[in-house]
Amino acid sequence: MFSRLVFGLGLLSATALVHPALAADAARTLQIFVSKDKQSLAVYDGTEVVATSKVSTGKDGHTTPSGIFSVLEKQKYHESNLYSAAPMPFMQRLTWSGIALHESNSVPRYPASHGCVRMPGAFAKMLYGMTDPGVPVIISDGELVPQPIDHPTLFHPEAPAAMPLLSDVELRPSMPDSPEKPVQVAMNDTAAMPMPAAQPIAAPEPEPPSEPISMLITRRTLRETVIDIQTLLNQLGFSAGNPDGLLGPSTVQAIKAFKTLRPAEFAADKSLVSDTLLREVYAAAGKGEPPNGVIMVRQAFKPIFEAPVTITDPGLALGTHFFTLHAVDERAGTADWLGITLENNLSRETMKRLGITNQESSIITGKPIARSLSRITIPDETRRKIDALIAPGSTLTISDTGVGRETGEGTDFITITRG
């Protein structure tokens, strides 16, 4: 780990020193926070600030979006594809649509860019050397500070099982029944069998840390609902096609065939896909009540799996929360998570679409993180699968608004809280 120093006091200087041996496991647990109100940037290692700088974010008409991002790509020299090949040295891309951190010779510490986050040259170069792809970057209006979070919903490694104490071995008394009886002791003939020389026990090779994962817990959308319907209809003998979330001809035909066998249940339901259809398909497959949430998992910017979760009180907003796994103790089965809550005011149209009647949890008051985590139930099988995958640098986002439009091929989960 590099030395814990507070850099750039007053956020005015970009000449900060960093320990030259910045280990990979240190870089993967860094977090970058940008405050648009303060026009400042802070780099955290855990709860400790390790670098700071002034910045300039997007001016009126080109506002830098607020939200949760990560470094997608790094280039020491890059030219803008949008603004007349403007130079962007030490560029660290945050979205494929054009938002990045980069060096600039104009950082007046007020909004002045076309949407990117400008940094002074020396600091931009230093930050470039500190980060790896995947490092989280959180952009918000006010300053945010990561706090330790301990909650049973968060993931942790499974502690190794304790070794049994030979419970099936019958123990013999160490003393004879009568003091007069001699004690017989079996002995090896050490003269005929020389004792082998003691061999040093080699320490086991440490396993290399696995690649961190990124996770998103959100409300189910039409895509997840259709995937479930396709999967279950296939299990019931209907040919619904590949479970891809798309309403293609095979899926439409399978849904119509399923409804034809249950005319009473669908007499008043004229929609192709509805809550009634989902409940009936789940009931026919013996799956009980359908879930209303989903957890998606990515690794190295690629989707690896997703699974249903249940969100209680769905009429109440979850809010937007972000967690980073700072450290893991495999032997103890513990994990040190850090969390923040971002302000995220939902529009009336969004609330109506999501069935939210109260967005109290979107406001940063009280204990919104604990309230939201307590409303999420993750199946044991899914939890065990994720517990085995987590590593330092893994992240978890909780959001009402689903997979953001910037999330795609070659990204982690990107959540925009304000465009």
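A distance-only check finds no donor-acceptor pair linking the side chain of R93 to the backbone of V71 [under 3.5 Å]. A side-chain donor-acceptor contact under 3.5 Å links S394 to the backbone of I213. Looking only at distances, no side-chain donor or acceptor of S70 sits under 3.5 Å from a matching main-chain atom of G134. The backbone N or O of A240 lies less than 3.5 Å from a partner atom in the side chain of T251, making a donor-acceptor pair.
A cation-pi arrangement is present between R262 and F258, with the terminal nitrogen or guanidinium carbon under 6.0 Å from the aromatic centre and inside a 45° cone about the axis. Taking the ring axis of F305 as reference, the NZ or CZ atom of K385 stays within 45° of it and closer than 6.0 Å to the ring centre.
Using a 4.0 Å cut-off between charged side-chain N and carboxylate O, D228 and K287 make no salt bridge. For the pair R298 and D412, the salt-bridge criterion is not met [side-chain N within less than 4.0 Å of a carboxylate O]. Salt bridge E306/R223: present, at least one basic N to carboxylate O contact under 4.0 Å.
G333 and H156 get closest at one heavy-atom pair: O-ND1, 3.3 Å. In terms of heavy atoms, W96 sits closest to E409 at NE1-O, 3.5 Å. Residue A317 comes nearest to R219 through the heavy atom pair CA-NH2, 3.9 Å, listed as atom of the first residue, atom of the second, then distance. T218 and S399 get closest at one heavy-atom pair: OG1-O, 2.7 Å. Heavy atoms only, all atoms of each residue included: A285 and L232 are closest at CB-CD2, 4.0 Å. The two atoms that bring L144 and T341 nearest to each other are CD2-O, 3.7 Å, heavy atoms only.
Here the rule is side chain to side chain donor-acceptor pair (under 3.5 Å) with T57, and of Q39, H62, R118 only Q39 fits it. Exactly one of M91, Q92, E103, M119 qualifies for a side chain to side chain contact (heavy atoms under 4.5 Å, CB included) with Y128. That residue is Q92.
Proximity of T225 to V273: side-chain heavy atoms (C-beta onward) are separated by under 4.5 Å at one or more points. Using a 4.5 Å cut-off on side-chain heavy atoms (C-beta onward), M296 and E224 make contact. In this structure, the side chains of L72 and F301 come closer than 4.5 Å at one or more pairs of heavy atoms. The shortest side-chain heavy-atom distance between F123 and L127 falls under the 4.5 Å cut-off. Taking 4.5 Å as the limit, some side-chain heavy atom of P291 sits within range of a side-chain heavy atom of R220. A heavy-atom distance below 4.5 Å is not found between the side chains of I227 and D244. Contact of the Y44 side chain with the T29 side chain is not registered, since no non-hydrogen atoms from C-beta on lie closer than 4.5 Å. The closest side-chain heavy-atom distance from M215 to F323 is not below 4.5 Å.
T47 and Q147 share no side-chain donor-acceptor pair at under 3.5 Å.
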*Check step by step if side-chain contact (heavy atoms from CB on, under 4.5 Å) holds for N344 and L346.*
CA-CA 6 Å; N344 186 22; L346 304 175; 3.9 Å; yes
*asked:* What verdict does the side-chain contact (heavy atoms from CB on, under 4.5 Å) test give for I386 and V297, after you've listed the backbone C-alpha separation in whole Å, the side-chain angles of each residue and the deciding distance to 0.1 Å?
replied: CA-CA 9 Å; I386 293 175; V297 183; 4.2 Å; yes
*Could you please spell out the steps behind the side-chain contact (heavy atoms from CB on, under 4.5 Å) verdict for S40 and K54?*
CA-CA 4 Å; S40 64; K54 66 177 182 178; over 6 Å; no
